[in-house]
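These numbers come from the heavy atoms of this one structure, side chains and all, not from hydrogens, waters or symmetry mates.
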Amino acid sequence: MAKIKKGDQVIVISGRDKGKTGRVLEVLKDSDRLVVEGVQRVTKHTKVGQSQRGTRTGGIETVEAPIHVSNVMIVDPESKKGTRIGYRVEKVERDGREKTVRIRVAKRSGKDI
């Protein structure tokens, strides 16, 4: 689950929105789901009422619903297709100390993500 993070560009690989791409807006760790921009849009009926920032108008809104993490793949920066993610371990020197850092790598092209 930690392989996909907020701000990543992903492509939907199954479901009704198959083939759509979007940026990850939110990661819901407890339910293994993501909120992706422009994907899994549902209509929500809202009542007229007061909200924290003034009055809210009623009507029908379209909002993004969460999608399961297994239904998306990260977009490869080189080929613009879905790819799996691997890690490369590097030793970096910071403040005079040596630290090991894991860098995410696209398995399709080998480029850093």
Spacing of [atom1] belonging to [X] relative to [atom2] belonging to [Y], to within rounding of 0.5 Å:
| X | Y | atom1 | atom2 | result |
| --- | --- | --- | --- | --- |
| K44 | T46 | NZ | OG1 | 8.0 Å |
| L34 | H68 | CG | NE2 | 9.0 Å |
| R104 | K3 | CZ | NZ | 10.5 Å |
| I85 | I74 | CD1 | CD1 | 3.5 Å |
| I11 | M73 | CD1 | CE | 9.0 Å |
| I13 | S70 | CD1 | OG | 7.0 Å |

Strictly below 4.0 Å, N to O, side chains only: are [X] and [Y] in salt-bridge contact?
| X | Y | value |
| --- | --- | --- |
| D8 | K5 | no |
| R84 | D76 | no |
| R41 | E64 | yes |

Closest approach of [X] to [Y] (non-hydrogen atoms, all atoms of both residues):
| X | Y | answer |
| --- | --- | --- |
| N71 | S14 | OD1-OG, 2.8 Å |
| I113 | V105 | CD1-C, 4.4 Å |
| V48 | G58 | CG2-N, 3.4 Å |

Flag the pair [X] / [Y] as yes when at least one side-chain heavy-atom distance between them is below 4.5 Å, and no otherwise.
| X | Y | result |
| --- | --- | --- |
| I4 | V69 | yes |
| V35 | V24 | no |
| V27 | R33 | no |
| T21 | Q9 | yes |
| E90 | R102 | no |
| V12 | V10 | no |
| V39 | I67 | yes |

Q | Over 12 non-hydrogen atoms of neighbours within 6.0 angstrom of CZ in R88 | A | yes
Q.
Which residue is it: R108, K107, K111? I am looking for the one with a salt bridge (charged side-chain N to carboxylate O under 4.0 Å, His left out) to E78.
A. K111
